[in-house]
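This structure is a prediction, so every number in the text was calculated from the model and none was measured. Labels below follow one simple rule: chain letters A, B, ... track the order of the sequence lines, proteins then strands, and each chain is numbered from 1. Every heavy atom of this structure was used, including side-chain atoms; hydrogens, water molecules and symmetry mates were not.
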Amino acid sequence: MKIASWNINSVKARMPNLTEWLKRAQPDVLCLQEIKTVDDGFPRMEIEALGYHCSVHGQKSYNGVAILSRVTPDEVRIGLPGDENDEQARYIEVVLPAKGGVVRVGCIYLPNGNPVGEDADSEKYRYKLDWMARLKDHAKTLLKFEEPLILAGDYNVIPRAGDCHDPEGWWGDALYRPETLAAFHAIKNLGFYDAFETLDGRDGQYSFWDYQGGAWQNNLGIRIDHLLCSGQAMDRLVDVTIDKFVREGERPSDHVPIIGRFEL
DNA sequence: ATGACGCCCCATGGGCGA
């Protein structure tokens, strides 16, 4: 079973790219972030025609997440628990039938958090840290099921210096600073494995290149899209791929897909 | 010091992203 994550930066603008990639990569599950549309605007018919069920948590103009799956989910959860006043669509989760049981997949669009503010106390950065604390609480709950669990998505976290073309320049940014790394490690330390770091681990394997300043042409990238796996998922992980070639396409997203292949 | 690129919207420029 191939389980992938891709921040697509508008599903409507990216339909040609999405269609082409689905046909080529043949994932069984695809977590999408930044679909930038309400549920009714999601191109459900076109994607169903390609053989995928769509679980969608949309929002007007910004954010929005979805999970495409070959099989119909047994369960769907919309939104991250812990704050009823949070109106940003950044989390959706499905339980899917799998070989010998189920697999649970959470799709994450973690807040960016910039600007950080003078004492790292801007509204946006506090929202990021609050969201990460909520994700930790929810992840802790999910781990108790002792199932194969994959929390996949755009974490907006650069885990290591080797995951950034210019770590000194980026240090202090909301994606790469002490509070962010501490919160990320607090989640991982509940019992998750970063699929890429565990099975590959090479430096300079990026998943995002800014549209601006020739970032792609000069390989000025960062690795911020991650598959966090429970032990039960990690035991079944065969390999991890970052589909860098997708960034060369016509009108690409600024992120590329990351794919984990599991014996599930 | 600014803008750069690309997406969104009852738009025609401003907000947002990372």
Rounded distance (Å) that lies between atom [atom2] of [N] and atom [atom1] of [X]:
{"X": "A:R247", "N": "B:dG6", "atom1": "CZ", "atom2": "P", "answer": "8 Å"}
{"X": "A:Q212", "N": "B:dC7", "atom1": "CD", "atom2": "C1'", "answer": "12 Å"}
{"X": "A:Q217", "N": "B:dA4", "atom1": "CD", "atom2": "C1'", "answer": "12 Å"}
{"X": "A:R177", "N": "B:dA18", "atom1": "CZ", "atom2": "C1'", "answer": "15 Å"}
{"X": "A:L220", "N": "B:dA18", "atom1": "CG", "atom2": "C1'", "answer": "13 Å"}
{"X": "A:F208", "N": "B:dC7", "atom1": "CZ", "atom2": "P", "answer": "13 Å"}
{"X": "A:N9", "N": "B:dC16", "atom1": "CG", "atom2": "C1'", "answer": "10 Å"}
{"X": "A:D210", "N": "B:dC7", "atom1": "CG", "atom2": "P", "answer": "13 Å"}

Original post:
Which residue lies toward the 5' end of DNA chain B, A:N156 or A:G213, if each is placed at its nearest nucleotide?
Top reply: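 Closest to the 5' end, via its nearest nucleotide, is A:G213.
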
Subject >> Flag, side chain of A:D39 to backbone of A:G58, donor-acceptor distance under 3.5 Å >> reply: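 A pair under 3.5 Å: yes.
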
Subject >> Backbone N/O of A:D243 and side chain of A:T241: donor-acceptor pair under 3.5 Å >> reply: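 Checking the backbone N and O of A:D243 against the side chain of A:T241, no donor-acceptor pair under 3.5 Å is found.
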
Original post:
Does A:R251 place a side-chain N or O at less than 4.0 Å from the phosphate oxygens OP1/OP2 of B:dC5?
Top reply: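 No.
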
Subject >> Side-chain N or O of A:R14 closer than 4.0 Å to phosphate OP1/OP2 of B:dG6 >> reply: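 Looking at the OP1 and OP2 atoms of B:dG6, neither is under 4.0 Å from any side-chain N or O of A:R14.
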
Original post:
A:A215 and A:W209: which non-hydrogen atoms are nearest, and at how many Å?
Top reply: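 Heavy-atom minimum between the residues: O-CD1, 3.7 Å.
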
Original post:
Which heavy-atom pair separates A:S5 from A:Q33 by the least distance, and what is that distance?
Top reply: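 It is OG-NE2, 3.1 Å.
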
**OP:** Could you go through the ring-ring contact (aromatic ring centres under 6.0 Å, His included) check for A:Y176 and A:W170 one step at a time?
**Re:** CA-CA 6 Å; A:Y176 188 50; A:W170 274 79; 8.2 Å; no

Using the [atom1] atoms only, state how far [M] lies from [N], rounded to an integer number of Å.
{"N": "B:dC10", "M": "B:dG14", "atom1": "C1'", "result": "16 Å"}
{"N": "B:dA18", "M": "B:dC7", "atom1": "P", "result": "14 Å"}
{"N": "B:dA1", "M": "B:dA11", "atom1": "P", "result": "36 Å"}
{"N": "B:dC16", "M": "B:dG3", "atom1": "C1'", "result": "16 Å"}

Restricting both atoms to N or O, compile the protein contacts to nucleotides 10-15 of chain B shorter than 3.5 Å, with distance only.
| from | atom 1 | to | atom 2 | distance (Å) |
| --- | --- | --- | --- | --- |
| B:dC10 | OP1 | A:K60 | NZ | 3.4 |

Original post:
How about A:Y155 and A:F184: are their ring centres within less than 6.0 Å of each other?
Top reply: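 Between A:Y155 and A:F184, the centre distance is under 6.0 Å.
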
Which listed nucleotide ([options]) is nearest to the side chain of [X]?
{"X": "A:Y211", "options": "B:dA18, B:dC9, B:dC5", "value": "B:dC5"}
{"X": "A:D154", "options": "B:dC7, B:dA18, B:dG17", "value": "B:dA18"}
{"X": "A:H255", "options": "B:dA18, B:dC7, B:dC9", "value": "B:dA18"}

**OP:** Give the other cluster members for A:V38, using side-chain heavy-atom distances under 4.5 Å between Ile, Leu, Val, Met, Phe, Trp and Tyr residues; answer none if it is isolated.
**Re:**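 A:V38 clusters with nothing; isolated.
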
Subject >> Interface residues of residues 108-130 of chain A with DNA chain B (non-hydrogen, below 4.0 angstrom) >> reply: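 Heavy-atom cutoff 4.0 Å gives A:Y109, A:N112, A:K124.
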
Assess [X] against [Y]: is NZ or CZ under 6.0 Å from the centre of the six-membered ring, and within 45 degrees of the ring's axis?
{"X": "A:R223", "Y": "A:Y206", "result": "no"}
{"X": "A:R177", "Y": "A:Y125", "result": "yes"}
{"X": "A:R77", "Y": "A:Y91", "result": "no"}

Subject >> Touch class at under 4.0 angstrom, heavy-atom based, for A:N7 against every strand present >> reply: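 Result for A:N7 = sugar-phosphate.
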
